[in-house]
Amino acid sequence: MWNGMEGIDLTDVVVKQGVSILSVGRHPVRITGAAINTDDMKKTHTLEIKYANDKGVCTQWINLNHPTSTESVRIGLEQLKQLLILVGHTGETSPAPSWLVGKKVGINIKEEIYEGKTKTKVNYHYAPSGAELKSLDTDSSATADLDDKIPF
């Protein structure tokens, strides 16, 4: 029975904290999303990868196709192969982006000045230690369902 807002018992309610961007440094993370983005104007294709752990989130864009920059494609394919090998793939051919979701990897984040603004970006991937992998298994933020059903 609804008696108004006054007096609602909030003692067992847990408040979820906002998600922050991962800081500069090394972070063991879980891949929470992966998709191909297409820019029809530039005719480019990038792999967008979302990472998360209990400290925050980060997104990386890897160039897979760029008609005017073979160098960015070379770097992107190297990044993709390194990532695939680190998460247990052969790295000989690339799988569907969804294959990456749920995989654990380490990322190093650095700051970069681009068009006069300081931004963070994934610099490289690494194989996390056993302790780092274990911390991801107890990390509730990377797997938490943010679409909780509200019982009204």
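Along the sequence shown, residues carry numbers from 1.
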Would you say [X] and [Y] make side-chain contact, with heavy atoms under 4.5 Å?
X    : Y    : value
V101 : K103 : no
K110 : T120 : no
T46  : T38  : no
I62  : I75  : no

Could you tell me whether [X] and [Y] make a salt bridge, using a distance below 4.0 angstrom between a side-chain N and a carboxylate O?
X    : Y    : result
E71  : R74  : yes
E48  : K50  : yes
K119 : E112 : no

Is there a path of hydrophobic side-chain contacts, each under 4.5 Å between heavy atoms, that joins [X] and [Y]?
X   : Y    : answer
L47 : L86  : yes
L64 : I49  : yes
V87 : V122 : yes
I36 : V73  : yes
V57 : L100 : no

Inter-residue atom distance [X].[atom1] - [Y].[atom2], 0.5 Å rounding:
X   : Y    : atom1 : atom2 : value
L84 : Q79  : CG    : CD    : 11.5 Å
K42 : T68  : NZ    : OG1   : 9.0 Å
L77 : S72  : CG    : OG    : 9.5 Å
I31 : Y51  : CD1   : OH    : 5.5 Å
S23 : I109 : OG    : CD1   : 7.0 Å

- Query: Hey, what's the ring geometry for W99 with H89, parallel, tilted or perpendicular (30° and 60° as the breaks)?
  - Reply: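 W99 and H89: perpendicular rings.
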Side-chain donor or acceptor of [X] paired with backbone N/O of [Y] under 3.5 Å:
X   : Y    : answer
N63 : H66  : no
R30 : L136 : yes
S20 : K55  : yes

- Query: Have Q82 and Y126 got a donor and an acceptor in their side chains that come within less than 3.5 Å?
  - Reply: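 The criterion, which ignores hydrogens and geometry beyond distance, is not satisfied for Y126 and Q82.
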